[in-house]
Protein chains: 2
Amino acid sequence: MPVKLKQLAELLGLSQTTVSRALNGYPEVNAKTRQRVLKAVRETGYRPNRAAQRLATGKAYSIGLVMPIASGIVSDIHFGEFLAGLAEEAVKHDFHFVLNPSAPEDEEATFRRLAASGNVDAVFLAHMRANDPRIAMLKSLSIPFVVHGRSIGGPKDYPFVDIDNTAAFYEATRLLIQLGHRRVALINGQEHLAFAIRRKKGVTRALKDWGLDLDETLVHHSVMTDEYGYRSMQRFLEQPDPPTAVLCSSTVLALGAVRAINQAGLTVGADISIIAHDDVLPMLKPENFSVPLTTTRSSLRAAGARIASRLIGGILDRGTYPDQELWRAELIVRASTGPAPGK
Amino acid sequence: MPVKLKQLAELLGLSQTTVSRALNGYPEVNAKTRQRVLKAVRETGYRPNRAAQRLATGKAYSIGLVMPIASGIVSDIHFGEFLAGLAEEAVKHDFHFVLNPSAPEDEEATFRRLAASGNVDAVFLAHMRANDPRIAMLKSLSIPFVVHGRSIGGPKDYPFVDIDNTAAFYEATRLLIQLGHRRVALINGQEHLAFAIRRKKGVTRALKDWGLDLDETLVHHSVMTDEYGYRSMQRFLEQPDPPTAVLCSSTVLALGAVRAINQAGLTVGADISIIAHDDVLPMLKPENFSVPLTTTRSSLRAAGARIASRLIGGILDRGTYPDQELWRAELIVRASTGPAPGK
DNA sequence: AGGAGCATCCAAAGCGCTTTGGGAGGAGGC
DNA sequence: GCCTCCTCCCAAAGCGCTTTGGATGCTCCT
């Protein structure tokens, strides 16, 4: 039988009120008293009963998740990794999840139901598209949220955590150009997703800054699986004037691309340079590729943890966070990039 | 402001006790009264406050999930699909999840903490191995659980939902034999997993029943990704006496296998027959393969939903379920299977 | 006729926290 | 020396449900 607040108060010769206030950081309690309370908590192993807190405060201490289920959609490896980050942080604070599988067309209704149910204090949003209507919707539901990624166009004032995709792919492309590459290909995520749009923009801009153009036939958009990486690369190589370098939006895509390259009898890093974005998936480390992969790195799990942290912080009124965070990806050079052939 | 039990009771001219009992199916309430109550609930849209129920009953109304995070491990597509099934059912009953990411070596501690926290009423267990120690552990923690899959060896009396992997692959193999195939290969899941062991057993047994042997060089175990399906098939085809038929433990593996076959200039269903196990992944339908795939089918999402259903039923003391369920997979013949070449 | 026994309902006591509305006592101002 | 104003603490009232321990009639038996 776990110790309860009442017992703790008796033990300390204090009222429940004071103990509760000491624990929740209210100012009207003597510093010395607070110390005594905290010490007693440590010794007794007291943990407040979440059910009681929920009832008393009206907070749900849980966060809502709408997980997309549909044919084309990413219930993929990236989602799992992100979820792990979210959960890692949530479990520390004893937060629950309400998982709502939802077909894309029902998503709005799902969010609405979720907000109305009172079962969650906050939600998070991902897979941002251009002019994503869900941001305005969540605002109108007036439920706290944090977006993973950013929309393009539409309202600007919403909380998000994103990486600077444009900059990351700009820098990656710049490196390739500096190495002498002139024909650069891009194997990207699905065309409607904001991150894919930005990455393409980064590539385009870098090429332009050096007086080059992005050849549209060297750009493929698809679900980010091994399979599509392979197919895309294969088609690039079939072209009369194949690229000497390729950027991949995921190491998963790169896996397929590398296979296609090898199969064509070419060597990664010599005949074809490759840079991939690395979400730091534990099962697919760029350094373990037969030719270690040059990458733009930013941990998906860390993003999940950060978003959970911000959501939870907001709910508990603790800590202050910047509203909009744009993380820089690190450009890590390994062996898959080299001078363009013939330079 | 949602309507509460008290208001509902006043509205009906009844006590809270009676209304509560009417809603929770207690016998000491007149049938007519119960009907009145239910009608009022429908009209007012009353929904009991979960926080209050949690506090009053001591139940958590939530189920615990330990999600494996580690290099080799499946935070893969199959997990997402299963999770969707779980969540689909849970959301119907207003159940929450407590997601615990955990490295395999910490799993025991995680379960222990989870059970002790009182945050969950039940947990579920997956990725069964032979002699899986976690079953005994969960029993000793005396927290309700349902296993997805079955162990091999060890205690027999625990609740599970599994498919009859042995039978499924026995029947698939039998079909191949009847079609004249004699050299049959198997691209399986990881060797230590119970389902993989059983599937191999099914193949072995079928071959044996027809006086044939399973050639160990025609059996590969790996994580079930496209990539490994491709590699395995490629290696089979390089053999001096390649198989004329291959069984895959997942459509994901089959995807790679098919690619390897095509690339070798062979035709699926004519030169090489292929049967895959189909978990009914929305993004990978066997009927959409260039040559539609013959499969043993059993929906992973349905299994998730069923397990959630059983866990929730157990918590609410509602409904009775068989303790151990062994589902039969359906063998669905499509175009990827045909007579062995030269027959 | 007098209970026993059942069916049906109710008042009130929790569940374990947070929060409201003071109250005691000492410091400081005049 | 009196009043005001903090500082620090407390008692008690919820939060919205479930459940205990009766109460009240009625039927049925003997």
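In what follows, chains carry the letters A, B, and so on, assigned in the order in which the sequence lines appear, proteins first and then strands, with residues in each chain numbered from 1. Every value quoted in this text rests on a predicted model; they were computed, and no experiment measured them. What you see below is based on every heavy atom in this structure, not just the backbone, and it leaves out hydrogens, waters and symmetry mates.
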| salt bridge (charged side-chain N to carboxylate O under 4.0 Å, His left out) evaluation trace for A:Arg113 with A:Asp106 | CA-CA 11 Å; A:Arg113 197 164 30 73; A:Asp106 302 333; over 6 Å; no
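- Contact annotation for B:Gln53: backbone-only contact, meaning every heavy-atom pair under 4.0 Å involves sugar-phosphate atoms and none involves a base.
- Between D:dC10, D:dC17, C:dC9, one nucleotide has an atom nearer to the side chain of B:Val29 than all others, and that is C:dC9.
- The listed nucleotides are D:dC9, C:dC15, D:dC15; the one nearest the side chain of A:Ala56 is D:dC15.
- Nucleotide D:dT19 holds its P atom 10 Å from the CG atom of B:Asp317, rounded to whole Å.
- A salt bridge links B:Glu325 with B:Arg310: the closest approach of a Lys/Arg side-chain nitrogen to an acidic carboxylate oxygen falls below 4.0 angstrom.
- Atoms CD (A:Glu28) and C1' (D:dC9) sit 10 Å apart, rounded to a whole Å.
- Comparing C:dG16, D:dC9, C:dC9 by their nearest atom to the side chain of B:Thr18 picks out C:dC9.
- In this structure, of C:dG14, C:dC9, C:dG16, it is C:dG16 that holds the atom nearest to the side chain of A:Ala52.
- In this entry the distance linking CZ of A:Arg54 with P of C:dC17 reads 13 Å, nearest Å.
- Between B:Tyr61 atom OH and D:dG16 atom P there is a gap of 17 Å when expressed in whole angstrom units.
- Position along DNA chain D of the nearest nucleotide to B:Arg21 versus B:Leu55 favours B:Leu55 as the more 5'-ward residue.
- In this structure the side chain of A:Lys156 never reaches within 4.5 angstrom of the side chain of A:Gln324, judged on heavy atoms.
- Contact annotation: B:Tyr26 does not reach the phosphate of C:dC9 (side-chain N/O to OP1 or OP2, under 4.0 Å).
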| task | Applying salt bridge (charged side-chain N to carboxylate O under 4.0 Å, His left out), run through A:Arg150 and A:Asp162 and close with a yes or a no. | result | CA-CA 6 Å; A:Arg150 272 174 303 159; A:Asp162 195 9; 2.9 Å; yes
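- Proximity of B:Thr17 to the phosphate of C:dC10: no side-chain N or O atom is located under 4.0 Å from OP1 or OP2.
- The side chain of B:Lys4 places an N or O atom within less than 4.0 Å of a non-bridging phosphate oxygen (OP1 or OP2) of D:dG16.
- Atom-to-atom, CZ of B:Arg34 to P of C:dA7 comes out at 13 Å; the value is rounded to the nearest Å.
- For the OP1/OP2 pair of C:dT18 and a distance below 4.0 Å, the side-chain nitrogens and oxygens of A:Asn24 include at least one atom meeting the criterion.
- Across all strands shown, A:Ser20 has heavy atoms under 4.0 Å from base atoms, whether or not it also approaches the sugar-phosphate.
- Between D:dC8 and A:Asn30, a contact under 4.0 Å exists linking OP1 or OP2 to a side-chain N or O.
- B:Phe160 and B:His148 have their aromatic ring centers separated by at least 6.0 angstrom.
- A donor-acceptor contact closer than 3.5 angstrom links the side chains of B:Ser15 and B:Thr18.
- Applying the 4.0 Å criterion to OP1 and OP2 of D:dC10, one finds that A:Ser15 has a side-chain N or O inside that range.
- B:Leu23 places its CG atom 13 Å from the P atom of D:dT19, with the value rounded to the nearest Å.
- Distances shown here put a side-chain N or O of A:Tyr46 below 4.0 Å from the OP1 or OP2 atom of C:dC17.
- The distance between atom NZ of B:Lys6 and atom P of D:dT18, rounded to the nearest whole Å, is 16 Å.
- For the pair A:Gln16 CD and D:dC10 C1', the interatomic distance rounds to 11 Å; values are reported in whole Å.
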